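Written out below as structure tokens is the structure these notes cover.
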Amino acid sequence: MQSANAARGSALFIKKAVFFIAFMLVSTAAFFCFSDPCDLGIEDVSIPIGKDVFQYPVGLHISDSPTSGPPLREPNMTWVEDTMSSMTLDEKIGQLIISSQHSSGESLIDNYKVGGFIFLGNGQNAGNIVNSVNRLQEYSPFPLWFAIDSEAGLGARVANATIFPLIMASGAADDPALTELCGRITARESRALGIQIGFGPVVDVNTEPVNPIISTRSYSDDPDRVARLAEGYIAGARAEGILCTFKHYPGHGATTGDSHSSLPTVNLTSETLHSDHIKPYRDLASTGNIDFVMSAHVWYPAFDPGTPWPATLSTVCLKDILRTDIGYNGVIISDSYGMAGLAVAVPDEQERAVVGLEAGLDIILNPPNVGNAFNGIKNAVISERLTMDRIDESVRRVLIAKSRVGLPEATTVTATLYPTVLQHPEHLQAVRDLSEKSFTCGKYMLASSPAVPPSSHALVLTLTATKTIFYCFSATYFTSPFVAAVPNTTVRSVSASVSTTERNQILAQAEEHDIIVVAGYDWYKIMPQSQVDLINDLCDLTKPVIYVSFGAPYHYLQIPDVDAFYCGYASVPQMQDVAVEVLVGEREPIGNLPVHVEGLPAFLSVKDWKRIGR
């Protein structure tokens with residue numbers, strides 16, 4: 001037993017030494033090949049907006065039919081001003097509120113004149129959404145708008161709509177034409193349901209690996225890459241008639257807390273916040289094509305020293321920086337008003353709504369009690385704490401944006417349209433295209449290729465996920481094609497909490513196989529410690545261990561001794577299928593890591609590993 005342990009220890013030492021040498025060679029090569037490692041594959045970081053900028057590669061396109069919404073148009077200012085002049089104070093206040101309570105929408109329209117609704121929750125039924133939109137549009141005296149979280153495609157919220165990988169996959173593909181296509185498809189499907197506002201793209205720059213709420217929802221930790229890809233997305237989305245929302249200003253990418261449950265603090269200097277996290281907003285605002293900016297319930301002491309205070313309620317963040325310094329004049333919308341990050345700062349719901357407008361918000365999103373938000377604003381106007389000019393300023397922005405999406409002319413939608421649009425074959429092909437271009441090899445220290453020869457006696461372990469967002473697809477999308485390609489394979493699911501008995505059984509099984517493949521599905525960095533311990537124990541064996549993350553690339557930080565590390569950034573079936581094709585040698589992984597992960601060379605692909613040598 002002692003000699004066996006010594007052999008394992010020696011094997012592990014050799015693995016680590018070889019990886020360190022290869023890593024230094026790859027990193028050195030990157031330094032000499034490129035003046036800045038972030039320049040790899042980047043031709044121009046300041047692409048002007050315009051359809052002619054983005055040329056679809058062969059096989060990367062969607063047809064003009066079926067369409068569902070016209071492009072954004074210039075606002076009809078006559079309608080805007082005439083509508084404003086006809087509105088009562090109550091009706092103006094209502095335009096500044098978007099509620100999630102669409103099932104009781106008629107009551108909210110009667111009592112509080114709400115201007116729009118958001119559809120919350122996963123697995124929404126498309127037919128029910130269309131029915132709600134048409135019912136409420138016909139009931140409301142003023143045109144409504146409808147919103148949804150669509151950062152991973154409409155299918156992230158709506159059943160039987162197209163689901164894209166979380167957007168870090170687009171960061172790995174680094175192709176503005178592809179993000180334009182994602183934006184176009186998401187907008188086309190949304191407009192088919194009568195939705196005019198998409199809460200995306202996320203422009204947070206994810207500089208914190210343990211970020212519990214952004215992670216793979218971010219394109220990259222490089223602000224230039226974030227801005228470039230977001231610019232592509234909005235070109236496609238706006239061409240199909242969707243108002244895009246950049247979130248979460250002034251940046252949620254450096255947080256270690258979740259604003260849904262707390263008020264996170266970002267203790268960065270003003271200089272760092274501006275150079276890294278605010279930069280995408282500044283760059284994109286210069287194009288004039290930002291429709292909405294969503295504020296973050298995050299405290300930035302560099303801007304608001306003293307008492308913890310969220311950016312959503314900060315005049316420094318919203319007025320001084322966003323409006324005055326950056327020059328943005330579009331709609332500013334809050335993140336959900338029911339989140340703890342806001343409530344801890346101002347517990348009283350009426351006061352919370354008033355302070356938000358005083359800070360510079362135009363729209364209060366999803367207040368817990370619409371009546372409290374409405375009455376708080378109305379009482380502030382009556383007491384002259386808020387002026388009518390301040391209310392009119394926001395109402396005018398709201399009506400301008402509504403006019404841009406075709407209101408008041410186009411309100412209801414045809415119920416027979418959406419079945420021809422959602423999950424159109426061309427839309428699903430785009431998901432496949434993105435999966436092929438984004439799947440990434442971050443480390444390759446195997447003795448030969450392909451990583452898993454078809455004749456291998458492989459043990460495939462699929463880790464039970466403990467943290468998911470929007471979706472988590474079954475591991476069978478990975479294991480079924482894997483077994484078809486590598487018939488002599490044993491598949492085993494691993495518990496979220498690995499017992500000693502389970503660990504010993506798996507280690508014994510591993511000894512009987514040639515190669516071990518582990519697939520992880522947690523969407524951000526932290527995996528359960530018992531799973532991490534198991535993987536590291538497997539690395540102590542004299543068997544090659546391959547790890548495939550269908551979540552964050554940050555998984556590597558917990559398991560740095562694996563022989564090969566791949567990342568797909570999301571568990572959509574197309575990505576899992578591509579992963580199998582890569583492992584068995586049917587295709588090359590051509591994505592590049594879009595974030596820095598300690599121990600892995602950022603912005604490099606498997607080609608660099610193979611060029612340097614194993």
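Remember, predicted model here, so these are calculated numbers, not experimental data. The basis for the numbers below is simple: all heavy atoms, side chains too, and nothing from hydrogens, waters or symmetry mates.
- Donor-acceptor pairing under 3.5 Å is lacking for the side chains of Thr490 and Gln509.
- At a threshold of 4.0 Å, the pair Asp335-Lys247 does not count as salt-bridged, since none of the basic side-chain nitrogens sits closer than that to a carboxylate oxygen.
- Judged purely by atom type and a 3.5 angstrom limit, Ser549 has no side-chain atom pairing as donor or acceptor with the backbone of Cys567.
- At least one donor-acceptor pair under 3.5 Å links the side chain of His297 to the backbone N or O of Ser336.
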Any chance you could lay out the side chain to side chain contact (heavy atoms under 4.5 Å, CB included) test for Asp174 and Asn592, step after step, and finish with the verdict?
-> CA-CA 8 Å; Asp174 195 20; Asn592 298 325; 6.0 Å; no
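- For the pair Gln576 (side chain) and Phe478 (backbone), a donor-acceptor distance under 3.5 Å is present.
- In terms of the side chain to side chain donor-acceptor pair (under 3.5 Å) criterion, residue partners of Asp204 (sequence neighbours excluded) are, by chain and number, His248.
- Residue pairs meeting the salt bridge (charged side-chain N to carboxylate O under 4.0 Å, His left out) criterion with at least one member in residues 206-218, sequence neighbours excluded, are Glu151-Arg217.
- Listed for the Asp221 side chain is a donor-acceptor partner under 3.5 Å among the backbone atoms of His596.
- With a 6.0 Å radius and a threshold of 12 heavy atoms from other residues, nucleotides or ligands, Tyr477 has its OH atom at or below the threshold.
- Residues meeting the ring-ring contact (aromatic ring centres under 6.0 Å, His included) test with His427, sequence neighbours left out: His424.
- Between the side chain of Glu502 and the backbone N or O of Val494, no donor-acceptor pair lies under 3.5 Å.
- In this structure, Lys543 contributes its side chain and His513 its backbone to a donor-acceptor pair below 3.5 Å.
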Mind running side chain to side chain contact (heavy atoms under 4.5 Å, CB included) on Lys443 and Tyr547 for me, showing each step along the way?
-> CA-CA 10 Å; Lys443 174 183 177 181; Tyr547 186 86; over 6 Å; no
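- One N or O on the side chain of Ser220 and one on the backbone of Pro594 form a donor-acceptor pair closer than 3.5 Å.
- The main-chain N or O of Ser438 is found under 3.5 Å from a side-chain atom of Thr440 such that the two form a donor-acceptor pair.
- Across Thr265, Val298, Val344, Leu263, a single residue satisfies side-chain contact (heavy atoms from CB on, under 4.5 Å) together with Pro308, and that is Leu263.
- There is no side-chain donor-acceptor pair under 3.5 Å between Asp514 and Ser456.
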